[in-house]
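Working notes, structure below.
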Amino acid sequence: MKSIKSLILLFTLLISFNSYSAKLEINKEHSSLQFTVDYMTMIKVEGRFKSFTGTFDFDKKSHLLKNVEVKIDSNSLDTNEAKRDFHLKTMDFLFTSKYPEMLFHTTDTFTLPLNKNIALSGELEIRGVKKRVAGKAKYKGTVIDPWGKENHFFEFNLKVNRKDFKMNWNKKLDQGGFLVGDMIDISIFIQAQNAGQKTSFSTHMIPSSALEKRKKNKK
C-alpha cells in the first residue's frame, strides 16, 4: 500500500514539475553581459560582450533553476576603444584566435526567491582553462509582453581572477601597484523566454501614430 502511495506521490510531483518547468532561452536583444576591471588602481575600465547565447531550465512555480548553459563570443568584446580591444583579444589576454568562445555551465540546482540574491556556482571556461567560480543570482520576476508572451528576468554577478585563466599580462606603476587589476566583476542582465517562442524583435518597432496617418492618407 505504501509503495502505491509513493508512486502516486512521485507521479503527482512529476506532473507538477513538468507543468511549470520550461527550457528558457536568453533574448539577446534585451540582455547584456558587462564587466569592469581596475585601471592604474584609481578608476575602472568598463566593457561588454555584444554576442552571447544561453539556455536554462526554470520552474515557474518552485523557482528552481538548473542546467544553465551560456556561450560567449570572445571576439564580440567591446570596451569602446579599438586599440585596447585589439590587445585584449591577443594571447596576452583572451587569445581569441585560438579560443573564440567562453563557456559557463552549472551542474547543481538552485532555488531563486523573488528579488533576493542567492549564491550560485558553476564552471567557467576561458582560454581552455576550466575553473569553478562563485557568484550571486537573482530572479526579478515574470512579465507578459504586449504580444502575450512570458518574459523572465534575472541578474547574475560573478567575480573572477583573470590570472586563474592564464591572463597574466601587466605593467608595474612607478608608485606601486599595477596597470591592470586582477579581479574582474561580471554582471549579466537577462531577459529569457521559452525556447523557440521568443518575441520577434521586429514587433517592438511600433510605428508612430503620425506615420500610420500618412500611410492611411496615401491609400
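In what follows, every heavy atom counts, from backbone to side chain, and hydrogens, waters and symmetry copies are set aside. Along the sequence shown, the residues carry numbers beginning at 1.
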Can you tell me how the ring of Phe154 sits relative to the ring of Phe56, calling it parallel under 30°, perpendicular over 60° and tilted otherwise? perpendicular
Just wondering, are more than 12 heavy atoms of other shown residues or ligands nearer than 6.0 Å to NZ in Lys136? no
With side chain to side chain contact (heavy atoms under 4.5 Å, CB included) as the test, would you mind laying out the steps for Met167 and Leu94 before giving the verdict? CA-CA 7 Å; Met167 293 185 283; Leu94 291 174; 3.9 Å; yes
Please determine whether side chain to side chain contact (heavy atoms under 4.5 Å, CB included) holds for the pair Val133 and Phe104, giving the CA-CA distance in whole Å, both sets of side-chain angles, and the decisive distance to 0.1 Å. CA-CA 9 Å; Val133 295; Phe104 176 80; 3.8 Å; yes
With a 3.5 Å distance limit and no angle check, can you tell me whether Asp59 reaches the backbone of Ser62 through a side-chain donor-acceptor pair? yes
Decide yes or no for Val143 and Phe153: does some side-chain heavy atom of the first lie under 4.5 Å from some side-chain heavy atom of the second? yes
Would you check if there is a donor-acceptor pair between the side chains of Gln34 and Ser32 at a distance under 3.5 Å? yes
Assess whether ring-ring contact (aromatic ring centres under 6.0 Å, His included) is satisfied between Phe35 and Phe49, documenting all intermediate values. CA-CA 9 Å; Phe35 66 88; Phe49 289 92; 5.6 Å; yes
Is it the case that Asp145 and Asn151 place a side-chain donor and acceptor less than 3.5 Å from each other? yes
Check this for me: does any side-chain nitrogen of one of Lys50 and Asp85 sit under 4.0 Å from a carboxylate oxygen of the other? no
Do any pairs count as a salt bridge (Lys or Arg N to Asp or Glu O under 4.0 Å) and have a residue in residues 23-37, sequence neighbours left out, and if so which ones? Lys23-Asp57, Glu29-Lys198
Would you mind reporting whether Trp169 and Leu179 have side-chain heavy atoms less than 4.5 Å apart? yes
Report yes or no: does Lys89 contribute a side-chain atom to a donor-acceptor pair with the main-chain N or O of Asn75 at less than 3.5 Å? yes
Check this for me: Lys140, atom NZ, are more than 12 non-hydrogen atoms of other residues, nucleotides or ligands nearer than 6.0 Å? no
List the steps, then state whether side chain to side chain donor-acceptor pair (under 3.5 Å) holds for Thr199 with Gln193. CA-CA 8 Å; Thr199 304; Gln193 294 183 288; 2.8 Å; yes
Is any side-chain heavy atom of Thr55 closer than 4.5 Å to a side-chain heavy atom of Leu24? no
Compare every heavy atom of Ile26 with every heavy atom of Ser31, then report the nearest pair and how far apart it is. OG-CG2, 3.5 Å
Using a 6.0 Å cut-off, check whether atom CG of Asn80 has over 12 heavy atoms from anything other than its own residue. no
Honestly curious: do Leu103 and Leu124 fall in one hydrophobic cluster under the side-chain, below-4.5 Å linking rule? no
Met91, CE atom: more than 12 neighbouring heavy atoms under 6.0 Å: no
More than 12 heavy atoms of other residues, nucleotides or ligands under 6.0 Å from NZ of Lys166: yes or no? no
Looking at Ser51 and Ser76, what are the two nearest heavy atoms and their distance? N-OG, 3.1 Å
Neighbour count >12 (heavy atoms, 6.0 Å) for atom CD, Glu81: yes
Is there side-chain contact between Leu88 and Thr79, with heavy atoms separated by less than 4.5 Å? yes
Aromatic rings Tyr99 and Phe95: how do their planes relate, parallel, tilted or perpendicular, breaks at 30° and 60°? perpendicular
Can you see whether Thr111 engages His63 through a side-chain donor-acceptor pair at a distance of less than 3.5 angstrom? no
For atom NZ of Lys138, decide whether the heavy atoms of other residues, nucleotides or ligands shown that lie under 6.0 angstrom number more than 12. yes
Quiz question: by atom type and distance under 3.5 Å, do the side chains of Ser74 and Glu101 form a donor-acceptor pair? no
What is the minimum heavy-atom distance between Gly181 and Arg162, and which atoms define it? O-NE, 2.8 Å
Pairwise side-chain contact, Lys131 with Val160, heavy-atom cut-off 4.5 Å (strictly under): no
Aromatic ring pairing Phe58/Tyr139, orientation class (parallel under 30°, perpendicular over 60°, tilted between): tilted
Taking 4.0 angstrom as the limit, do Glu150 and Lys60 come out as a salt bridge? yes
Closest contact, heavy atoms only, Leu120 versus Ala137: CD1-CB, 3.7 Å
